[in-house]
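Following: one structure in structure tokens, then a few remarks.
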Amino acid sequence: MDLSQGVEDLNTISNSKLTEEEASKLADELSLKLSEGVIPGADSDSLKKMVAGLGDQRGALRLTFAKSLGAVGEAALPILCNSLRTHENVVVRRASAKTLNLIGSKAALPFLLEAFLEDDDPVVLGSSAGAMATIGPDALESLLGILANPECTPFQVGLINLALTFIGAKAPEALLEACDSPHAEVRVAAISALGDQIQALGDAKAMQRLLNAMDDECSEVRAEAATLIGKSCDAEDVQHLLVAKLVDDDPQVRKNSALSLMKLTARESIEGLSKAAESEQDEGVKKVIEVAIKILKADDE
């Protein structure tokens, strides 16, 4: 589907507006149609008015317009995608992304990616990421590709990680492949997203890939793996791995390993933690190890 075409005079939506009275009247008409199970009109004029209504300051009305456009479905994609990218009103851009989330069509993916990369509004970025997560596995490659971009911001990384967690259950094999990416940023995100597969699905492949990540050449991957192990595993299965990482070259890996041992109530690791505390040179890490020892000893009493 070519979403750059198909709606007459798309450029006129860039500053389209409705008066409060017009928006209220149209919202009432649309609410009645929705309550009767009638799909709103998909002609150019109707679509433009509904998109303009997405800029209304009243949240209840915006929701009515969004639901109406969502009910129209794919016929509304061209104007929604263009309003996401061109509308001067940020409220309309935000609502357009949220409405695209309701429709969940992969045809909107290129526009959502552009918005995620180029819009300067954090809500637009978040809603675009959410819509891509709803699209599912078809968006996975694009999201991972953004992570490999050195200009990707920490905020974008966080949003992508959330989207990957949502997508992971739908595309477990693709996520496992991402764990072997040549890009460390991608491996970190993929490892982080394995949590649901391990906890909800008991995925043995995901578990093994998580354990393998403890020996990754990148310290950020090892640190992420150490944290996730503390949330996803049983102490008796992994405490030996975590104790071994208490002497890792990277202080964050050592710290995360100690924290995970504490979270797992791994009482049998007290001796290993005590030895690590004696040799630890980083004061911040040493304090974490000592806290872990104290809590584990208290639990053991």
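Computed from a predicted structure; not experimentally measured. In what follows, residues are counted from 1 in the order of the sequence shown.
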Where [X] and [Y] come nearest, the two heavy atoms and their spacing:
X	Y	result
Leu47	Ala76	CD2-CB, 4.0 Å
Ser105	Leu77	OG-CD1, 3.4 Å
Ala189	Asn161	CB-OD1, 3.0 Å
Ile289	Leu273	CG2-O, 3.3 Å
Pro110	Ala107	CD-O, 3.5 Å
Ala129	Ala163	O-CB, 4.0 Å

Begin from the C-alpha positions of Glu173 and Leu176 and carry the test side chain to side chain contact (heavy atoms under 4.5 Å, CB included) through to its verdict. CA-CA 5 Å; Glu173 292 299 327; Leu176 288 174; 4.2 Å; yes
Is there a side-chain contact between [X] and [Y], using heavy atoms and a 4.5 Å cut-off?
X	Y	value
Leu69	Ile103	no
Glu151	Gln156	no
Leu147	Val157	yes
Ile293	Ser274	yes
Pro40	Met50	yes
Ser96	Leu54	yes
Leu102	Lys98	no
Met207	Cys233	yes

Short question: side chain of [X], backbone of [Y] - any donor-acceptor pair under 3.5 Å?
X	Y	answer
Ser181	Ala178	no
Lys245	Met214	yes
Arg209	Cys179	yes
His183	Glu185	no
Ser46	Ala42	no
Glu141	Ala139	no
Asp234	Glu236	no
Ser192	Val188	no
Ser35	Leu32	yes
Thr64	Ser31	no

Under a single-linkage definition using a 4.5 Å side-chain heavy-atom cutoff for Ile, Leu, Val, Met, Phe, Trp and Tyr, are [X] and [Y] assigned to the same hydrophobic cluster?
X	Y	value
Leu162	Leu140	no
Val253	Val247	no
Ile191	Leu211	yes
Ile79	Val91	yes
Leu63	Ile39	no

Distance in Å, [X] [atom1] paired with [Y] [atom2], rounded so as to fall on 0.5 Å steps:
X	Y	atom1	atom2	result
Asp237	Gln239	CG	CD	9.0 Å
Asp56	Ser24	CG	OG	6.5 Å
Glu224	Ile229	CD	CD1	10.5 Å
Arg58	Phe65	CZ	CZ	8.0 Å

side-chain hydrogen bond (donor to acceptor under 3.5 Å, both in side chains) partner of Glu280, chosen from Lys286, Lys275, Arg254: Arg254
Check against side chain to side chain contact (heavy atoms under 4.5 Å, CB included), Thr227 and Leu259: CA-CA 8 Å; Thr227 296; Leu259 287 170; over 6 Å; no
Do [Y] and [X] meet the salt-bridge criterion of a basic N to acidic O distance under 4.0 Å?
X	Y	value
Glu29	Lys33	no
Glu22	Lys49	no
Arg222	Asp248	yes
Arg93	Asp119	yes

Determine, stepwise, if the pair Leu159 / Phe116 fulfils side chain to side chain contact (heavy atoms under 4.5 Å, CB included). CA-CA 10 Å; Leu159 292 174; Phe116 186 76; 3.8 Å; yes
Check the surroundings of atom CD in Glu114: do more than 12 heavy atoms from other residues, nucleotides or ligands lie under 6.0 Å from it? yes
Mark yes when over 12 heavy atoms from residues, nucleotides or ligands other than Glu220 sit less than 6.0 Å from its CD; otherwise mark no. no
